[in-house]
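Keep in mind it's a predicted model, so treat the numbers as computed, not measured.
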Amino acid sequence: MIAAVFRSLSDDDRELLSLVAWEGLGREEIATTLGLSRNAVRIRLYRARRRFSRALDEAGVRSTSESRMVPAGRSL
């Protein structure tokens with residue numbers, strides 16, 4: 001279910017969330033990779049996470065603070 005919800009996101013949202021969760025990149029690295037400012041990355045990432053969270057809620061997927069996906073050694 002989570003994968004289906006993830007695939008339903010826009011390409012931009014999926015790219016940002018993938019760079020953080022799977023590639024383990026920080027905001028500075030994402031900004032460099034995408035040619036954006038760190039502030040633009042911060043805002044876009046916040047919005048992408050919010051849309052993903054809403055989509056998960058609508059799909060009936062529940063999350064807890066213990067189930068958050070955070071790359072090892074990084075805080076989001």
Are R49 and V20 side-chain neighbours, meaning at least one heavy-atom pair lies under 4.5 Å? yes
For E28, all residues meeting side-chain hydrogen bond (donor to acceptor under 3.5 Å, both in side chains), sequence neighbours excluded: R38
Please say yes or no: joined through hydrophobic side-chain contacts below 4.5 Å, possibly via intermediate residues, are V61 and L9 part of one cluster? yes
Sequence-distant partners of R54, side-chain hydrogen bond (donor to acceptor under 3.5 Å, both in side chains), two or more places apart: none
Would you check if the side chain of S8 reaches a backbone N or O of V5 as a donor-acceptor pair within less than 3.5 Å? yes
Which atom names give the shortest non-hydrogen contact between L45 and L16, and what distance separates them? N-CD1, 3.9 Å
To the nearest 0.5 angstrom, please state how far the CG atom of L34 sits from the CZ atom of R44. 8.0 Å
Any side-chain heavy-atom pair of I2 and L56 under 4.5 Å: yes
Kindly write out the residues that satisfy side-chain contact (heavy atoms from CB on, under 4.5 Å) with S37, not counting sequence neighbours, or none if the list is empty. N39, A40
Sequence neighbours left out, what passes ring pair (Phe, Tyr, Trp, His ring centres under 6.0 Å) with F6? Give chain and number order. W22, F52
Give me each pair satisfying salt bridge (charged side-chain N to carboxylate O under 4.0 Å, His left out) with a member in residues 8-17, each pair once, sequence neighbours excluded. D11-R14, D13-R51
